Every structure is written in C-alpha cells, then in structure tokens.
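Below is one structure, written out as structure tokens, with a few remarks after it.
Quick caveat, the model's predicted, so the values are computed rather than measured. Every chain is numbered from 1 and lettered A, B, ... according to where its sequence line falls, protein lines coming before strand lines.
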Amino acid sequence: MSHASVPDKPVLEGLEAKWTPRWDADAVYRFDRTAPRERVYSIDTPPPTVSGSLHVGHVFSYTHTDVIARFQRMRGRAVFYPMGWDDNGLPTERRVQNYYGVRCDPSLPFDPAFVAPDKPASQAVSISRPNFIALCAALTAEDEKAFERLWRQLGVSVDWALTYATIGRHAQRVSQAMFLRLLAAGRAYQTEAPTLWDVDFRTAVAQAELEDRELPGAYHRVRFAWASGGGQVEIETTRPELIPACVALVAHPDDARYRSLIGKNVLTPLFQVPVPVKAHPLADPEKGSGIAMICTFGDLTDVTWWRELALPVRAVIAPNGALRPVTWGASGWESGDAAAAQREYDALAGLSAVKARVKIVERLKETGDLIGEPKPITHHVKFFEKGDRPLEIITSRQWFVQTMNAREALIGRGRELQWFPSHMRSRYENWVNGLNGDWCVSRQRFFGVPFPVWYRVRPDGTTDHDARLVPAESRLPIDPSTDTPDGFEPGQRGAPGGFVGDPDVMDTWATSSLSPFIVCGWETDAALWKQTFPMDLRPQAHDIIRTWLFSTVLRSHLEMDALPWKHAAISGWVLDPDRKKMSKSKGNVVTPMGLLEEHGSDAVRYWAAKGGPGVDTAFDASQMKVGRRLAIKLLNASKFVLAKTEPAGPVTEAIDRGMLQRLASLVREVTQSLEAYDYAAALRETEAFFWTFCDDYIELAKRRRAGDGPGAASACAAATTALAVQLKLLAPFLPFVTEEVWSWWREGSIHRSAWPVADEIEAVAGPGGPEDAMFRRASEITALLRSKRSALGLGFGVRVRATDLTLPGETDRAAWAAIERDVLAGNNVMDAAVRFLPSGVFDATIEAMPADG
RNA sequence: GGGCGGUUAGCUCAGUGGUAGAGCACCGGCCUUACACGCCGGCUGUCACAGGUUCAAGUCCUGUACCGCCCACCA
C-alpha cells in the first residue's frame, strides 16, 4: 500500500473548494432511479424563501437534515434529496419593490422596452404585471445562486439535478391541477366574506400567517344616546374611528344592567345612526362597560356577532386602510341627521385609521360624547406576520380550501406521523384544534401561481362569478390573465358575453404544501412516484408546523387520503446568546458564508449537529472552534495511523482488542441514535470515543506498533480498522475532512462507502468481554500515572519508575500481564513493582530515573 | 386563559432509579519524533423550590416559581 498521498502537514483550508466540485463531477449524491422503493430514502427538503436573508438558522437545520441524508446513504439507501426554492409570493415582491424601486400596477400594459433602474428612484416607478414578474424572476435567480453557493460550501449533499422552484412551470402545473381537483370535489370554493386583510400589501391573508403584536392603545369611553326615552349608554372602544361602521351594541343576556335595553335602539354619536342593542353570550360583562360596540369589522369577534345576529354591513375601511367615501342620507346610509353625518364623515374620509381616530376623538370631545380622557393601555393586535400595520377585516371575494370539516381526520394523521422529537406533535394538534375557519388560499398579489379559472362576462358587462370556466389539466399551467379559455377568442376578454381571468394568485403555502407532489413526480412520473412517495422524511423547524407541515398533511390527506411522509424531524431555532431568537439584524452581521469561511464548514456543521432535535440552540462560536479542533485532530491522528500500516496481522493484543470491542458497541449505539434522528447523541458518542482513541489507545499502543513483530501487526491492523470506522461514523458530520483522509488511502468517496457494522468489527476483535475491561483498566492506570507525574512536576519526557503500583484485587495477574507492557511503555515507565490488593486501593508511587537512562 | 418545552459547574450542554458528567473558560505543568491549531494535570455543583413514592430520586409523582415557545382572548 502506498502512502505517498498522506501529506506532511495536513490542513483544513481549501477542503471545501477541493471536494465540492469533485463530488459534483463524480455524481456522489445522484439519486439512483433504479433503486426499489424499500431501498429509497426520500427527503422533503424545505424550500428556503430565497428572498429572505441567508442566516445561521438555515445552516443549522439543513445540517441536521444532511447528517441524516449522509447516514442513510452510507447505509445503502438511494437517497432522494432534492432542493427547492421558494421564490413566489410576497417576500420576493417586496424585495423587488425595494431593490429596483418599482411598484406593480396590473392596469398598465406590458412594456417590452422596460429596463429596470440601477438603483431605486425616490419615487417608485409603476410597471406592468408582466414586467414586474420578470423582475421577480430575475432577482430570485440571483438569490438562488447565493443559496446554492452556501449549500455547496456547507456540504449539503442534495442532488443538484433535482431542483425546483415554487414559481417554476412544473410547480405551477401541480398547484393548478391539484386546485382544480379540489374545486371539482367541492373542497375548494369561492365566497365573498369578511376576511383578514393587510392594508399595505392589499391582500387577504390566512389565519396561519397571523401574529400578535403588543401595541399601545386607549380605551375611549363613548356615549350612545337612546333612540327614544332620553337615556344614554356608555361603551368602551379602542377604535372610535369605527363608530360610523357600528351596526349594533351587544351585552351579555344575563347582564342585569343592560337587560332592559335589549331590543331597543340607540343612536351612534356624531352620525346619529339608529342601531339595535342585542344580547349575545360572547359579550363579557367584565370587559369595559360590559356593553360593546359591534362594527363591521373591528375584530374577529365582530364577525361572529355580525354573522350570528344577522346584522347589516357598514364597511368604512377601504382595502388600502383608509376610510372610504360614504354617502349618507336617502340614497346612502341611514342617519337621524344625514347632513350632519355626511359632514362628520367627510372630515374622516380618505384618512388612515390612525389619523381618523385622532380626528374623531377631537370631535367626540367637542360634542361631549367622549366621557373622560382616553385611558392608555397596551393590547395585542393581530398583524400579518410580514406586515407593518394591524390587519383589518374586509369583505372580499376569496378562494377557500375546506379544513374545518377535516379537523378530526387531520388530528388522526398527526398521530400516524412519527415526530422527532415526539412532543412536537402537540404543537400540531394545538393548531388543528384552534382552527377557526377554512383556509383562505387566494392573495391579491402578482408573483404567484394564478388560479386557473376564468369567469363569464354577462351581457351587461358584469362578471358572473358563478359561471366559471376551467381548463383541462393537459393545458396547465395557464395564466388566465393572458391565456384564453377553450371556445373563446382573445378578443372576448372583458367583453360582454366574453370572459375575464381570475385576478388572484395562490397563497405561497398553497404551493409549498405540495412539495412532495412536486418533487416525487405526481401524475407526471409514475415510476418516480412509486419510488419516492410517501416520503421518508419531512425535516423542518418548529415555527412552520402550523403552516408548511400542516398544509402539506392537509393536501396529501385530501388528494391521496394518506400521509405525505413517515417521519417529521423538527429542528429548533438558533438563539442569540441572550436566549432570544436570532434576530434578522444579527443574522446579517454574522453571515453564514462568513462563518463557513472563518471556521471551516466541518466546524460549523459540528456546532449545528450538537443542537439536538427540536432544541433551540445558542449561537456559539466557541463550539465551532471545538469542531475545528476535532477536524484538525482527525487529520493528524489519521496521518499518524496511516504512516505505518505494516505489518498487518491478526489483532491479538488485549489493548487492541479492547479498543475495537468498545468501538463495536459504539457503532451499535451511534447507528441506533441516527436511526432515531438523534444526530446530536451520535456525534457526542463518536467524538468521545475518538478522543479516547487518540489520548489513550494511540498512546498506549504506539511504541509496540513501531516494531515489526506480531504485536506491531496487531496494533497496525487495529489502528487502521478503527480509523476507517471512525472516519465513517464522523463522515455525516464532517464530510470534508473525512473525505480528505479517506482519499489518502482508499478509493472512491467515503460518502458512498458502507456504514460500519459492529459484527464485522467483532469478527476481528472478538465480542465485548475481558479485553474491553482491560483497555478500560489500562486507561485508568494511565490517568493515575499521569496525575502522579503532574503532581511531581515530571514531564512526560522524564523516564520514571513506579516503586509501588497497587491495583485493586479484581485486576488479576493475568489481566495485568496482558496490558503491562503497553501501560508501562505508554507512560514512559521503566519498570513497576506491582501489588494486587483486594481492598481496592488503587495508587502509585513513582520516582524519576536518572537522566541518562 | 389553554398547551408544550426548559431550569444540572462561570458559559454551552449530556445525563429517565443505584457513589454528580463533558467541552469551553480558568489555574498549573509539559517541545512527549501524529498534532503547540498540541499534550498532561487541577479547581469548580444545597442538580430552581416544596412536598411525596422508594432501601435508594438530578432521574418517578404532586404542587410552586422563573425562562422560552405555540395557541386563544384582547369592547
């Protein structure tokens, strides 16, 4: 065997640049299309939002998945490990708007000569929808390259031949086809209803995209006069600007204070609108004055009351968040004094909700309808998670997918799924149980998958939303804004008797939720589908259980009546050292690529893999240094082992056999841990063994190994065997350094080599038994001698004699004889006077030998 | 308000019934022909708190406190 390729001074620098292209060229991670299903391991890789920033959280969770992928590959599985890019949706639109300083105006015609500005102008440039989409596509292509560079540098072993984009043609086709099937099955429907609405993005949003934020607000105590009888009643509201939208007051049916008022009318202040007082059990006598103003719509409770009490709609908030124009009086809204109402309202119309609030409070003060001063409070307000202003509730026509009637079945699916860690299931159940409406899947946006639907235009030019036209699946994907339904001519678009396209696009989760269908070749590649679906693993972080995981389970349940995967491995988050979620700004300071360059990819992976499944983990550069140290140690130990592999012979020595026996049991444990997705435990155990291997085994055996007799042959064989096994155990974690060492000495990629098997090691070393104990005892004696040496200030170079070495009774003479030579040589001890004491005393007295020796 | 997780050495974390652990940090020593990007040794703990079960509890049970997250409510 030639070891010419073992370098004198091995270094980590440059290993990423060396191996990444080689893995690519050798197709090391290429999926085997010929593998039978039982040998396939398929992974539903999370498609990262490419327009989001790259941050260490990505590195963290993708490393976890990659460790599993590499482990399964070495176990002989054909790993189906695609990579997707989530490029559609709002994050991209927002990034394009800011990056180029443009704004999409769907009413504009396509401008083929349009060139994107180099830098954003102070005033946003309005461009057509096709121009806007082109910019989105161009920018995401750039973003995807940055992600790919990062994944390659990190050593993520995806098959780069298997990539998809959620805005790509194939993903659009799958999204549209599955939507049409839901529509045909009656599981998707369109309705006009109050919907959560973001006023800046001007789109509907779903329950899953909400988040609460704490905002300062104030209770305004406002007087409503009785319509007759001269009394008055006081309500408290945080949104006085919605008084013109008030349709009723509501009190609890058992609330004695207001019982006599139920069924009577009161007049809204300023606008003099007669509104009824109603009873409803949801009204809380403890809150505010115990009687509430129902507006259309201030919050979700208003929607409930409005629906259950069959109240009219008086909507004042326009899609852009401003108060819309309203006509009062005979031809408009009812008022006891229409002229006054119009005057009051005109002062508010066009203002944002916040500005209108200030204004109306002034007026209420002037009229005396505001009782006392507003009382400042802090309260939670619903926001779109990507939004900047509180959500409004606006009535609009939207597409929904039925979920409420599937809730029980979905809970069942969650129980079928194997979760790692298992407690993450409760987050899922929590979410499913808390659902309060069907899934709103339509968005009034541009860069997304369009709904493949047209509507007939009535002779009078209005749209007949009930007269839907849908394409055959074979035509998909289509864009109804440019494609024409069968049987129509393009010229009929928008014309009476013609057609119009549905203007909306799908929620990004409506496409992401189909990732297994997109990657596994649903309806397009029957062989691949059979090979890969249902998938083996869904890896993801816990924050998107309610979105991605939930919606994928839902879609698979509806389409396949089955789970989309067997296992869900949930990663935690990366936290700041102060235990807060790693903030965006911080994530940008610590760029992932910078980390990889500074510490080396293997070192960063080491830190990531130490964060166990589901465990939020502190960002910790010191752990990366430890990982780097491990990688360097691996280089040096390997160099040492491979510097002498001859003579090789039967493993006969106790120390050698004991070390290998422990290694065999390590292999069993590590394999078990990785099968259970506990990569952190696997790494911990392997690492601990490796340091023992270096610090104890090598030190004990190296002098014997230096010879050329049977003892040396035993040591050489044991050391090379152990090295190969440890490299393999570490390969999923440290793919670069292990591949480098492997290449010094073996053919092919370590990442395609067979995972070690304990039985094979034991075939060489014998099953765990007396030698295992002897090796442990040798380590203990070594620790004792080192401690004595240190106490006397004797460096290792000083040869010593043990004038008295007392060993516990259970160390019998035969066992000692088997390890004596190695223990003495490994500790630079000339000779030892040994006593065996049944009392269990374990001690040594040593003294320095004359310098000459 | 409901749910889930956590609380172990200065820090980051292992440890699911049997004498408290690792790494980092810190202190001291060592050039020992794989590695000074190294090696050796040492210091460090009322295992959050209170009860209970047990021969035995960091570990199991009950409760409390605090931290984090998810959800709900938010007139």
Looking at A/Lys9, I'd like to know whether one of its side-chain N or O atoms comes within less than 4.0 Å of OP1 or OP2 on B/A34. no

Decide, yes or no, whether a salt bridge links A/Arg221 with A/Glu234 under the criterion of side-chain N to carboxylate O below 4.0 Å. yes

How far does the C1' atom of B/U44 sit from the matching atom of B/G23, given to the nearest Å? 14 Å

Distance check, C1' atoms only: B/G17 and B/C60, in whole angstrom units. 8 Å

Nearest-angstrom distance, C1' atom, B/C13 to B/C30: 30 Å

Between the side chain of A/Asn828 and the main-chain N/O of A/Phe796, is any donor-acceptor distance below 3.5 Å? yes

What nucleic acid atoms does A/Ala791 come within less than 4.0 Å of, heavy atoms only: base, sugar-phosphate, or nothing? nothing

Assert: residue with more 5' nearest nucleotide on RNA chain B, out of A/Ser638 and A/Glu13, is A/Ser638

Within less than 4.0 Å of OP1 or OP2 of B/G41, is there a side-chain N or O belonging to A/Arg789? no

Within 45 degrees of the ring normal and closer than 6.0 Å to the centroid, is that where the cationic atom of A/Lys633 sits relative to A/Phe690? no

Report, as a single string ordered 5' to 3', how protein heavy atoms within less than 4.0 Å touch nucleotides 3-10 of chain B: B base, S sugar-phosphate only, - not at all. SSS-----

Between B/C71 (P) and A/Phe550 (CZ): distance, integer Å: 13 Å

Could you work out the separation of B/C27 and B/U54 based on their P atoms and round it to a whole Å? 49 Å

Report yes or no: is the cationic atom of A/Arg538 (NZ for Lys, CZ for Arg) closer than 6.0 Å to the six-membered ring centre of A/Trp548, at no more than 45° off its axis? yes

Between B/G15 and B/U7 - C1' atom distance, rounded Å: 15 Å

What is the nucleic acid contact for A/Thr301, judged by heavy atoms within less than 4.0 Å: base, sugar-phosphate only, or nothing? sugar-phosphate

Once you apply a heavy-atom cut-off of 4.0 Å, does A/Asp284 come out as touching a base, just sugar-phosphate, or nothing? base

To the nearest angstrom, the OH-C1' distance between A/Tyr697 and B/C39 comes to 19 Å

Is the backbone of A/Ala631 close enough, under 3.5 Å, to the side chain of A/Tyr606 for a donor and an acceptor to pair up by distance? no

Return yes when atom CG of A/Asp708 has more than 12 non-hydrogen atoms of other residues, nucleotides or ligands closer than 6.0 Å, and no otherwise. no

Atom C1', compared across B/G38 and B/A34: separation rounded to whole Å: 10 Å

Taking pairing as Watson-Crick or G-U wobble with both contacts under 3.5 Å, can you name the mate of B/C43, or confirm there isn't one? none

A/Leu549 has an atom CG; how far is it from atom C1' of B/C70, in whole Å? 14 Å

How would you label the contact of A/Trp691 with the nucleic acid (heavy atoms, under 4.0 Å): base, sugar-phosphate, or nothing? sugar-phosphate

Under 4.0 Å, heavy atoms only, any strand: does A/Lys639 hit a base, just the sugar-phosphate, or nothing? sugar-phosphate

What nucleic acid atoms does A/Leu282 come within less than 4.0 Å of, heavy atoms only: base, sugar-phosphate, or nothing? base

Using a heavy-atom cut-off of under 4.0 Å over every strand shown, decide if A/Asp212 touches base, sugar-phosphate, or nothing. base

Testing B/C71, B/A34, B/G41 for proximity to the side chain of A/Trp431, the answer is B/C71

Separation between the C1' atoms of B/C71 and B/C55, rounded to whole Å: 45 Å

Report the distance from atom CH2 of A/Trp573 to atom P of B/U12, rounded to the nearest whole Å. 19 Å

Between A/Asp602 and A/Arg628, does any side-chain N to carboxylate O distance fall below 4.0 Å? no

Looking at A/Trp431, does the NZ or CZ of A/Arg407 lie under 6.0 angstrom from its six-membered ring centre and within 45 degrees of the ring axis? no

Of the listed nucleotides B/C74, B/A34, B/C69, the one nearest the side chain of A/Lys382: B/C74

Cationic tip of A/Arg415 above A/Tyr428 ring, under 6.0 Å, 45° of axis: no

Have a look at A/Ile235 and say if it touches a base, only the backbone sugar-phosphate, or nothing, with a 4.0 Å heavy-atom cut-off. nothing

Taking only side-chain nitrogens and oxygens of A/Lys644, does any of them come within less than 4.0 Å of OP1 or OP2 of B/U33? no

Does A/Arg213 count as lying over the ring of A/Phe383, i.e. NZ or CZ under 6.0 Å from the six-ring centre, within 45 degrees of the axis? yes

Determine which nucleotide pairs with B/C31, using a 3.5 Å limit on both distances of a Watson-Crick or G-U wobble pair. none

Does B/C69 pair with anything, Watson-Crick or G-U wobble, both distances under 3.5 Å, and if so, with which nucleotide? B/G3

Each nucleotide in nucleotides 14-29 of chain B should get exactly one letter: B, S or -. Can you fill that in based on protein heavy atoms under 4.0 Å? S--------SS---B-

In whole Å, what is the span from the CG atom of A/Asn436 to the C1' atom of B/A72? 10 Å

Find which nucleotide of RNA chain B each of A/Glu699 and A/Pro285 is nearest to by heavy atoms, and output the residue with the more 5' nucleotide. A/Glu699

Distance check needed: B/G68 P versus A/Asp616 CG, whole Å only. 12 Å

Classify A/Lys625 by what it touches in the nucleic acid, base, sugar-phosphate, or nothing, heavy-atom distance under 4.0 Å. nothing

A/His379 NE2 - B/A72 C1' separation (whole Å): 17 Å

Can you tell me, in whole Å, how much space there is between the C1' of B/G45 and that of B/G51? 23 Å

For B/C60, which nucleotide is its Watson-Crick or G-U wobble mate, given both distances must be under 3.5 Å? B/G52

Looking only at side-chain N and O atoms, does A/Lys702 come under 4.0 Å of OP1 or OP2 in B/A34? yes

Greater than 12 external heavy atoms within 6.0 Å of A/Glu13's CD: yes

Please report, rounded to the nearest Å, how far the C1' atom of B/U33 is from the CZ atom of A/Phe796. 12 Å

Does the structure show a Watson-Crick or G-U wobble partner for B/U16, both distances under 3.5 Å? Name it, or say none. none

Mutual orientation of the aromatic rings belonging to A/Phe297 and A/Trp306 [parallel < 30°, tilted 30-60°, perpendicular > 60°]: perpendicular

Heavy atoms under 4.0 Å, any strand shown: does A/Gln207 hit a base, just sugar-phosphate, or nothing? sugar-phosphate

Taking all non-hydrogen atoms of both residues, which atom of A/Val250 and which atom of A/Ala279 are closest, and how far apart? CG2-C, 4.1 Å

